[in-house]
> 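A single structure is presented below for examination.
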Amino acid sequence: DVSTAVEEGTGASGSTSICRVSFFGDALSDNSTAGEEGTRASGSMSIRRRSSLGAHRSASSRNLKVLKSSSSRSLSQLHSVESAAAISELYPMAQDGILSRRTKFMFTLPAVGWYAVKYQKTSFMKQFYTDDYPRVSLGYIAFFSVLAVLIDAFTDPAMALWTDTYKSKHGRRRPFIFASGFFTLVVATLAFAPPAGLSSPALTVSGSVDQSVDPGLCSANATLIDLTTKGLVQAGTAKGYSCNPAVSASLWYGVFHILYKLCDTLGMIPYEAFGPEMTPNYKQRNILYTWQELMLILGILLGSVLPGLVKFGPDCSSTAEDGCMSYWVLAMVFGLMHLGAMLWLAICSKERPTESVDIANPTIVPTLVSCFLNRPFRILIVSDIIEAMSSELPFIVLPYITKWVIGTKTLSSGLLFSALAGLNLITRMCSVPVWLWIANRYDKFVAYFAFNIALFVSHTLLVFISFDKIALIAVLIFFWGAVYGGRFLLKAIMCDVIDYDEFLTGSRREGQYLMFLEFVPKFMQIPSQALPFVALAYAGYDPSLPSAVENSQSAGVIWTLKLCISLIPAGFIGIGAYVLKDFPMRSEEDHHKLLEGLQEHKLGKPAFDPYYKTEVAPPQFYDIEENIDQLLSHFFPNEILEAFQKKDLQVLQRKPMIWIAGSLVGCIPSVWLLVVGWKDMSSKLGASMSPVGMMFLGCFIVIIWFNTVRMLAGRKLVERKVPMEDLSKKLKQMARFTGVDLTDTK
């Protein structure tokens, strides 16, 4: 039995035991009893199944007591040996709910390399591609930014479902964590290394070499390369040389931008889903995500500061004639850091037995529907969606802010950016313990709400940044960093939301919820990914102008940048904070009651919902045929209720068809914008409406896909002539989500 070789995360805090478990043979076999119970339970069912929203874990008879210990007390002091053993089985990385320092370090370390890769890309890649030798257009950058998120619309939900339902002797998360590190290393390195032959100075246009260049194609001081002699040719001396943005380099950027998003999908969705499985302890989760936030900030510090300070080889920020070396070398180093940390986590960690995991919804659309039915999650996600519409704006435009709004009169653009980013991140790191103290003293939701209000204020103040006012800017950046240290509280709250979902459904769906938390806001970030570059292009952004002179760029460019870092995000943050006022999870005591309710449900008893003050029956077996139950899971309660009240299954087809028809109409102007603006993307500035058309077209395509799946499900229900009794049963078990008793609905 290989379980005797496993010692991971079971020591007291500060344990220094080394990993002795093989990635290809860990100790999940000692949980065979739970697996046998699950097999017997599932085998007792024929053509009928338990409801997809009422899945009941087969090992529910185990006497698992509630975990009420604080982070400083052991569960064994409060509960029986059997209870501690059961919790150790479900949370193998924790000792009585307590995580060792080594376990916290091992889980959070991958964040350093990943966020170093991410923020090197966020902080330097776009400006590198527009201002250095690739010389791509802003239009192409905006276009591929939109396209990458649209691809995420399909890959993220699929990955979340895959990692939640994947069952192997290696676990649900670790195989993906293991593989993704290698993929990220390759993509991060090559993304900063476009071949020089693809860049605009290396491409020619038709015409003889003795003809003059069109002065609109190149800036007066542009340097071009003769492809034949490899010599330098001054702009304006030969028509055979062009400064138009290169399509080939733009495609290189686009391909690797999309591949980077796939790295995020493959690795970070399983990684983030692993977090809630570490411990059920309320305060230990706060501490774990505090550690992760510190590692995250360290990674951001490395990725956003080092490339501006550590320079070797050709300059990578503005000199297009000599190439670039330091960026791709640093990207490779960060990728190797991430790879090593992911391998350590994959090889040396343990997951809960896959036999104890029950997945309620095996397809993507029912998964999205059921997650959105969780009322606390719905409040949280709506708030996050609103804030996400502008959350990326400050980070996208910050390199341009330092160069053109603050200017390079006192410090170079790279040094100024690194100094301000370093100040922001160090302040953020120092403020994390303060936010943790607030969370432990006043509760995590109070701390998170205060974080949102303070973030609103900090962004509003950033409108006062101006040319060469270094001291004022440093103060504003310091305050912004101190506030942003509380961002980790959102994930700590999400762990409790996932527990509440288990209370309602009997299933653990960490991957799907954390994917939803990341993906839906990310989808709403499309405008902030694309529109700033479209706006800059139309405002006349010119990278060849001197940055040491005040207002060298047009007033439109300057104010576009200032608004993107200040008032626009502040407005969305304020609205998102207002939405949070109805969030019910506000105390540790209520979370303890929730854990008690989970145990009551596992014993087949009704339990009290501490958040909505109602008694909730345990996840039940509903006498609904498996396929019918799955088809009904594609629809929201109000849609099923309308079909039930009208005794008309056609309602379940008509509602999606209305959405599809409206979206098809919206596709027409979107395609028109995409087509008419395509040629302009190859212009010098890339001032094109194609990214805007692509943004709207992508949104409509996702709506069409979502509702087409639902329409087909409704058609199958009509063809099978599903009895109204089944709709009534579905409404009964959905009542646990809606909070409304629909049992007697006529």
> How are the rings of Trp480 and Tyr484 set to each other: parallel, tilted or perpendicular (split at 30° and 60°)?
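Ring orientation, 0 to 90° scale: perpendicular.
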> Looking at OG1 of Thr108 and OH of Tyr271, how far apart are the two atoms once the value is rounded to the nearest 0.5 Å?
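So the OG1 of Thr108 and the OH of Tyr271 are separated by 6.0 Å.
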> Determine whether a donor-acceptor pair (N or O, by modelled atom type, separation under 3.5 Å) exists between the side chain of Thr505 and the backbone of Asp501.
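Present.
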> Measuring only between side-chain heavy atoms, which start at C-beta, is Val305 closer than 4.5 Å to Tyr119?
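No, too far: nothing below the 4.5 Å cut-off.
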> Phe176 and Trp162: ring-ring contact (aromatic ring centres under 6.0 Å, His included), yes or no, with the steps?
CA-CA 10 Å; Phe176 302 106; Trp162 191 10; 4.8 Å; yes
> May I ask you to check if Lys121 and Tyr260 form a cation-pi contact, with NZ or CZ under 6.0 angstrom from the six-membered ring centre and within 45° of the axis?
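Here Lys121 passes the 6.0 Å and 45° test against Tyr260.
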> I'd like to know if the side chain of Arg428 reaches the main chain of Val483, judged simply by a donor and an acceptor atom lying under 3.5 Å from each other, with no hydrogens or angles considered.
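The answer is no, because no donor-acceptor pair under 3.5 Å joins these two groups.
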> Rounded to the nearest 0.5 Å, what separates atom CE in Met268 from atom OG1 in Thr265?
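Those atoms lie 11.0 Å apart.
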> Indicate yes or no for a side-chain donor-acceptor contact from Glu293 to the backbone of Arg487 under 3.5 Å, with no hydrogens or angles considered.
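No: the side chain of Glu293 does not pair with the backbone of Arg487.
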> Apply ring-ring contact (aromatic ring centres under 6.0 Å, His included) to Phe445 and Phe583, showing your working.
CA-CA 8 Å; Phe445 172 76; Phe583 190 74; 5.4 Å; yes
> Are Phe124 and Phe417 close enough that their ring centers fall under 6.0 Å?
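So the answer is yes for these two rings.
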> Are Asp384 and Arg378 within salt-bridge range, i.e. N to O under 4.0 Å?
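Salt bridge: no.
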> Could you state the interatomic distance from CD1 (Ile473) to CG (Leu462), rounded to the nearest 0.5 Å?
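Atom-to-atom, Ile473:CD1 and Leu462:CG are 10.0 Å apart.
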> Heavy-atom distance under 4.5 Å between the side chains of Tyr500 and Val497, does that happen here?
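The answer is no, as the side chains (C-beta and beyond) never meet within the 4.5 Å cut-off.
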> With the side chain counted from C-beta on, respond yes when Leu567 and Lys562 share a heavy-atom pair under 4.5 Å apart, and no when they do not.
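No. Closest side-chain heavy atoms not under 4.5 Å.
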> Could you tell me whether the side chain of Ser566 reaches within less than 4.5 Å of the side chain of His459, counting heavy atoms only?
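Counting from C-beta outward, His459 and Ser566 never come under 4.5 Å.
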> Under 3.5 Å, is there a donor-acceptor pair between the side chain of Ser180 and the main chain of Ile177?
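Checking the backbone N and O of Ile177 against the side chain of Ser180, a donor-acceptor pair under 3.5 Å is found.
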> Please work out which of the three classes, parallel, tilted or perpendicular, describes the rings of Phe128 and Phe192, given edges at 30° and 60°.
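Answer is tilted, since the angle falls between 30° and 60°.
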> Verify the neighbour count for atom CZ of Phe636: are there more than 12 heavy atoms of other residues, nucleotides or ligands below 6.0 Å?
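Above 12, so yes.
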> Are more than 12 heavy atoms from other residues, nucleotides or ligands located less than 6.0 Å from atom CH2 of Trp705?
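More than 12 within 6.0 Å, yes.
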> Are side-chain heavy atoms of Gln120 and Met125 found at a separation under 4.5 Å?
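Not touching, per the 4.5 Å side-chain cut-off.
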> Tell me, do Ile565 and Leu393 make a side-chain contact under 4.5 Å, heavy atoms counted?
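Side-chain contact under 4.5 Å: no.
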> Can you check whether Pro366's main-chain N or O pairs, donor with acceptor, with His634's side chain at less than 3.5 Å?
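Checking the backbone N and O of Pro366 against the side chain of His634, no donor-acceptor pair under 3.5 Å is found.
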> Using only atom types and a distance under 3.5 Å, with no angle test, would you say the side chain of Lys261 pairs donor to acceptor with the backbone of Ile151?
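No, because the side chain of Lys261 does not come within donor-acceptor range (under 3.5 Å) of the backbone of Ile151.
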> What I want to find out is whether Asp582 reaches Arg375 closely enough, with some N-O distance under 4.0 Å, to be called a salt bridge.
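No.
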> Would you compute the distance between atom CG of Leu561 and atom CD1 of Ile401 and round it to the nearest 0.5 angstrom?
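Nearest 0.5 Å value for the CG-CD1 distance: 4.5 Å.
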> Any non-hydrogen side-chain atom of Met337 less than 4.5 Å from a side-chain atom of Leu302?
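Counting from C-beta outward, Met337 and Leu302 do come under 4.5 Å.
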> Between Thr163 and Ala160 (side chain of the first, backbone of the second, donor and acceptor by atom type, cut-off under 3.5 Å), is there such a pair?
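Checked: no pair found.
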> Taking Thr290 for its side chain and Asn286 for its backbone only, find out whether a donor-acceptor pair lies under 3.5 Å.
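Between the backbone of Asn286 and the side chain of Thr290 there is a qualifying donor-acceptor contact (under 3.5 Å).
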> Mind checking the CE-CG spacing from Met585 to Asp590? Nearest 0.5 Å is all I need.
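If I round to the nearest 0.5 Å, the distance is 9.0 Å.
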> Is it the case that atom CZ in Phe464 sees more than 12 heavy atoms from other parts of the structure closer than 6.0 Å?
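12 or below, so no.
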> Drop me the distance from Tyr289's OH to Leu294's CG, to the nearest 0.5 angstrom.
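Going from OH on Tyr289 over to CG on Leu294, the span is 14.5 Å.
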> Is the backbone N or O of Ala482 less than 3.5 Å from a side-chain atom of Ser431, with the two atoms forming a donor-acceptor pair by type?
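Yes; judged by distance alone, with no hydrogens or angles, the pair exists.
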> Is the OH atom of Tyr578 crowded by more than 12 outside heavy atoms at less than 6.0 Å?
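No, the 6.0 Å shell around OH holds no more than 12 heavy atoms from other groups.
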> Do Phe334 and Lys118 make a side-chain contact, defined as non-hydrogen atoms from C-beta onward lying under 4.5 Å apart?
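They are not in side-chain contact.
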> If the threshold is 4.0 Å, N to carboxylate O, is there a salt bridge linking Arg710 and Glu639?
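Salt bridge present between Arg710 and Glu639.
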> Ignoring hydrogens and geometry, is there a side-chain-to-backbone donor-acceptor pair from Ser458 to Leu455 under 3.5 Å?
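The answer is yes, because a donor-acceptor pair under 3.5 Å joins these two groups.
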> Please indicate whether Phe183 has more than 12 foreign heavy atoms, meaning atoms of other residues, nucleotides or ligands, lying under 6.0 Å from its CZ.
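Yes, the 6.0 Å shell around CZ holds more than 12 heavy atoms from other groups.
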> Tell me the closest heavy-atom pair linking Leu420 and Thr402, and the distance in Å.
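So the minimum-distance heavy-atom pair works out to CD1-CG2, 4.1 Å.
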> Would Lys444 and Asp496 pass as an ion pair if we require N to O under 4.0 Å?
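A salt bridge is present here (some side-chain N lies under 4.0 Å from a carboxylate O).
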